[in-house]
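So the structure is just underneath, and the comments pick up after that.
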Amino acid sequence: MLSVHEVTTAYQGLVAISAVSIEVQKGEIVCVAGANGAGKSTLLKSIAGAERPRSGTVTFDGKRLDGMAQHHITATGIAYVPENRRLFPRLSVRDNLRLGSYLYRGEADREGPLDLVFKLFPRLSERLEQRAETLSGGEQQMLAIGRALMTRPRLLMLDEPSQGIMPKLVDEIFQAVKTIREAGMTVLIVEQRMAECLEIADRAYILQTGRVLMQGPAAEIRGNPDVRKAYLGL
Amino acid sequence: MTALLETRGVWQRFGGLVANSDVSISVGRGEIVGLIGPNGAGKSTLFNLIAGVLPPTQGSIWFDGEDVTKLPAAERCQRGVGRTFQVVKSFETMTVIDNVIVGALVRNTVMREARRKAHQVLEFTGLAARADVLASDLVPAEKRRLEVARALATEPKLLLLDEVLTGLTPTEAQTGVALVRKVRDAGITVLMVEHVMEIVMPLVDRAIVLDLGKVLVEGKPADVVRDPKVISAYLGDRHAVGA
Amino acid sequence: MDKNFATRRRRDLIVAAVLAALAALAPLFVKNVYIQNILVLTLMYAALSQSWNILSGYCGQISLGHALYFGIGAYTTELLFTKFGVLPWFGMLAGGVIAAVIAMGLGYPFFRLRGHYFVIATIVIAEIGLLLFQNWEWAGAAMGITIPVRGDSWLKFQFMRSKLPYFYFALALCCVAWFVTWWLEDSKWGFWWRAVKDNPEAAESLGVVVFNSKMGAAAVSAFLVAVGGAFYAQFLAYIDPESVMGFQFSLLMALPAVLGGIGTLWGPVLGAAILIPMTELTRSYIGGSGRGVDLIVYGALIVAISLALPQGLVSLFSRSKAKGATR
Amino acid sequence: QTSEVVIGATYPLSGAGAQVGVDAQRAFETAIDIINNDQDFDLPLAKGVGLPGLGGAKIRMVYADHQGDPQKGRAEAERLITQEKVCAVLGSYQSAVAVTVSQICERYQVPFLSADNSSPSLHRRGLKYYFRASPHDEMFSAGMFDFLDSMKKKGAKAETLALFHEDTIFGTDSANAQTKLATERGYKIVADIKYRANSPSLSAEVQQLKAANADVLLPSSYTTDGILLVKTMAELGYKPNAILAQAAGFSEKALYDAVGDKLEGAITRGSFSLDLAAKRPMVGKINDLFKAKSGKDLNDNTSRQFMAMIVIADAINRAKSTDGEKIRDAMAATDIPGEQTIMPWKRVKFDDMGQNNDADPVLLQYIGGKFVTIFPSQAAVAEAVWPMK
Amino acid sequence: MTVETIVQSLASGLLMGLLYGLIAVGLALIFGLMDVTNFAHGEFLMIAMYASFFLFTFFAIDPLLSAPLVAAAMFVFGAVIYLLVVRFAMRAKANAGMVQIFTTFGLAIVMRGLAQLFFTPDYRSIPQSWLGGKTISVAGIFLPEPQLVGALVSIAAFAGLYFFIHRTDFGRALEATREDPGAVALVGIDKNRVFAFGWGLGAALVGLAGAIMAVFFYIYPDVGASFALIAYVTVALGGFGSVFGAFAGGIIVGLVEAVTALMLPPSLKSVGIYAVYLLVVFIRPRGLFGSM
Ligand SMILES: Nc1ncnc2c1ncn2[C@@H]1O[C@H](COP(=O)(O)OP(=O)(O)OP(=O)(O)O)[C@@H](O)[C@H]1O
Ligand SMILES: Nc1ncnc2c1ncn2[C@@H]1O[C@H](COP(=O)(O)OP(=O)(O)OP(=O)(O)O)[C@@H](O)[C@H]1O
Ligand SMILES: [Mg+2]
Ligand SMILES: [Mg+2]
């Protein structure tokens, strides 16, 4: 479904990822892990069009994405939840969610996915009128994922969704990811909490200093002694 | 000797929402105390009250034996309250070292000394290599470390850490944990908010759990994680098994 | 430790000294009074903009009302001189002090305001000042004040024909404003200002008293601008409200810093060096047609520089230097 | 011998006053055409080519834009003198700018001929190189009050006055002169309204005028405010008994194009009257020349600018030199009889302050879409209609 | 001072206030809601007035009729200005505010220069139009028709803008783009399209104001300067982010001006407006109804 081929992206001359290739099949949950600054976020940005790759190709359902404007990429069915969430701070929770369905504003029932969002994060339904900027850290993360779901993506990309989330909810979020997959979406997820993430993921990639260090089925990666030592803290 | 920090019956309301209700906690000198609790429990709000960003709707805050409820944030910093922000607030157009110098100036009015202090802190926090980079060019984890460095440069007696160890791989987190210990060994009291139990629990001397703005439980970490109220409100079942 | 930093500071100082020395020699080569006039104006606007930059560039409180302080400097000096015979040198200091006091007095209410609310408040207060002077009979109202020129005198700081004394004063003022900025940049105040500009809440948490920082910046900035105003009044030997307190001065103080690089040490000087000659030359050499072509050229250049170099002309220099440069 | 004489003129050529500056350029060009070419007018230098005193040298103008700013005016005057080597400077419309421009001319000993500034303070500063051929506001105001006196004598209602003036040098000077004369001659000022130039609205001001309901309204306003004043008066149902304007906007075509229908019978002072063409045909012809360039009739400003050029050229011709001091001396010796001007003046002759006291103002009344001279009697072609319709 | 004078003053002030509102409504969108500083607002008005003037002189279309045409033309003009110039001013990372101020300031100068070049600095006005010079008098109180129509258009324009911002998705997209132009792409919004439309709409509203103004005001290249500052104060007084605030701001400005002129010399009447602005923001730092 998504194929990233030899993508290199740089910030003002500084190469952040070089010749990274990954594949995501329809209906999969794929996890990308790696140390700080390994280039995980950069990889997601390059797919989502937030950064322009210097070279390489990104294909989604046979369509070339690299070079496409970011909002067009969103329209092709890729939702991206960035690390810093990027909510609309002074707009209400309701408006943030509504804007998620902006692409479907012509439709009579444009807010179909809202049920799913409220099912996943009931807290949001209690806070509809609150400004996004006054939500607690965890609530903001819920809203960011919720807003992304409102765009009715076929591929959902999450950058460290568990960051700042309480333990109970971390589990819920990973459960939510499973639910989301069951609802027919594909998920590409960047996580530091590899242990939890690998439990739900089908496959995983490990990045190190801008390159793919390792890849394979989740179970296999989890069993790898190097990984256990370096990334799972075991 | 009295506790370093005490909150006495502190309330904070935002319109109809009660973010802190009747919170009375105390932090002793040289402790590392963990402040945990569900998202939206009011932890960051309590930090804001202690640091003086907001005046509490009701109640008083005592620091180092004095009532500081009415003092503005800058004054509290001068008295020894250092804090980080959960949503990082770096000085984006300044370099890393300059960010830290701002903090160092509280106790070092001579520039040369402030600069030396800032460099020390950067060494201490492992940011020395990034000293001349603009804060805006740091990755999020580094920005959080910068928050810590800046606060440390003010030579606080009490350091409030709001989720500074998130987004780290377990290995990296261990470095962070060591850093916090080092801070405490330097004689600084630490009150920290953190959601990753694997990190907090071994680190803290004591844990306070907030829920719905109230203190739910308080005690040794090992006891707290076993508390059924904490498990149901915060940890979830998995941790109940693990603990 | 920190060699780079110390080297850079020293380098700035040496460059400034060399430039100032070269400038001081300029009159040996530039005999043409028209060009001399442009040089005086360039130096004056460089000084004004450097001063404006302290409050608006470093401390981030964008003021588009600095014409108020300029006018206060001019009026204080000339009212004291024409009404009480006080020498302009004292008037200049008095004007500076009064402006600084007013700036701090206004600071109490103003510094609570943020963003556009603050900018508009500064515009509006300068406009009120203008209207009051326009209607203040004792201060000459619309008729202004004509400064009696009675021959060359350093005491009275007035010179019939030669521009050189004005030139050297403007140069000195420019050097002072630059040096004050240079000095404050690496001081507690300089750091506080930049911190306040970037994030007041964080600054407060680090012991910075945001309000006092702003007050300090406002006082220094207003004082220097008022001295500039006093200079301008002596230079022109005639003042009226519009020609020393008009909105265009507020813009002309901000513009060099913005085009040169706001909140930087060299921005205002660089900006003034390009902008003021450009303003004067376009008007002089294409303004005579009466077709507005000079406006089109002038405006288009401002648009072009703003868009091409949003960080100001200084970014041309810092970019060529090692990347990851400090500022 | 020089084949070319360069004269400088500094005017607002961009910004709010640009219209006057641009019209001034056309007026100067008209005069230069007449001087440089052989034309059959009874004006100094019209016949023959160029300036005979300088071997037929021709005049070339250099214009400088001062944008209404005294500092820029000064810089431009200095540039004209030192760079362009002009031997005389003309200007400058705004009186504030004339202050600094004339100072510079004094320093460089180059004559400044003030074509159209009317502030009385200008010639009283002891400047040797300052000249003004046309009347200043006190003379104009005196003319206006002479007229009022004569109307009163005829039994017309003209007891109470309302002053309406902008908050600039021009407006203030004019109002001061009028206030002084009114007190001296026993008129009662029932409203003295100072307003901010180029205000977006004048309704509050007009209401006060309306409430005062004076016998005569004396506005001192430029075109923009003049248009707005008249429109607002109509909107608020205020029809003054009589309007007696201190020229400025009230002698501009643009104002009458906009609100002429509401100004039937309005009176303005002026230095110029097209009626003179009946007596002095060349006035009509020169007006045609000017109209061909600008599309407008000569008015109060452009006629004075035209004359300034003739006067300065005449002095240079007599000085037989482009030396500033010699031209100054020639200027001081100027004596052009009224018939050799296009103005209703007695003659052009400067007193020791450089002011021409023989420039009599006229009063014009706007009747049937054009101006007719109604005062003083020797120039008048019609009786004043009073009150205005 | 008679009762009649006071009533007339207040009536005139109210009408003038609605007119100030009309002039400010476009700015309320661009500056107030989109948070882009537009120092060329007065020049937009000037262009619109000229458009109205030339449509009248060459095609004898009454300003009232040509208002929609002018608005449409101004829409295109505003969008083009955004796409060609302002868009790039918004890319600045630091000091975006200053870059916007001076880019639009430069633009204002260019527009004045072009107006002088093409239209000459002559003062123009439309002498005869349907409304020009007409006035209604009720019990001795005069209400000029152009201003009355201006007031109605003003109310309609504000109501329209209010509806647009609060009831349409586009309005919400506009606010979101202001909040974080880099983030709207996450929900599939093209920020340039939204902002170009916003600028177009803002300019179209100025177009309406220009058409009404042309009926009774003079026109020349610098005419915008008379209104620019009042328009900024109106928007700020009402509060950034609030359409209703700008509307209320306009009315307050008009009334305050009228009342000040009753009490102080008229040359100081703007001092009243400025003082009220300062007073309001000292008490409420976000203006009367502002949310930002
Ligand atoms: N905006 C930027 N400007 C300059 N360099 C950047 C920028 N963003 C990232 N980098 C650099 O690119 C590299 C990769 O960063 P990236 O954010 O992709 O890492 P990451 O794996 O997501 O790390 P983290 O776990 O901290 O989120 C880092 O070395 C970082 O310094
Ligand atoms: N300024 C405000 N206005 C209104 N509500 C607020 C404001 N600040 C915080 N809140 C609300 O108060 C509650 C407590 O917020 P707080 O940020 O203290 O939570 P927290 O415990 O730090 O949560 P997290 O772990 O997610 O960061 C939240 O429900 C939040 O939405
Ligand atoms: Mg990342
Ligand atoms: Mg928090």
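These numbers come from a predicted model, not from an experiment. Quick note on labels: first sequence line is chain A, next is B, and so on, each numbered from 1.
Side-chain contact check for A:Pro153 versus A:Ile78: every heavy-atom pair is 4.5 Å or farther apart.
Counting only distance, with no hydrogens or angles, the side chain of A:Gln140 and the backbone of A:Gly137 share no donor-acceptor pair below 3.5 Å. A side-chain donor-acceptor contact under 3.5 Å links A:Asn96 to the backbone of A:Ser92.
If you measure heavy-atom distances from B:Val87 to chain A, you find no contacts under 4.5 Å at all. For chain A, no part of B:Thr45 is nearby; none of its heavy atoms comes within less than 4.5 Å. Looking at A:Arg85, neither its backbone nor its side chain comes within 4.5 Å of chain B, counting heavy atoms on both sides. Using a 4.5 Å cut-off between heavy atoms, A:Leu135 does not touch chain B at all. Looking at B:Leu17, the atoms closer than 4.5 Å to chain A (heavy atoms on both sides) all sit in the side chain, from C-beta outward.
For the set B:Pro140, B:Ser44, B:Ala19, B:Ala173, the count of heavy-atom pairs under 4.5 angstrom toward chain A peaks at B:Pro140. Of all the listed residues (A:Gly164, A:Ala195, A:Ala35), the one sharing the greatest number of non-hydrogen pairs under 4.5 Å with chain B is A:Gly164.
Annotation: cation-pi pair A:Arg203/A:Tyr205 absent, no NZ/CZ under 6.0 Å from the ring centroid and within 45° of its normal. Cation-pi geometry between A:Arg147 and A:Phe88 is met: under 6.0 angstrom from the ring centre, within 45 degrees of the axis.
A salt bridge links B:Arg184 with B:Asp205: at least one charged nitrogen is closer than 4.0 Å to a carboxylate oxygen.
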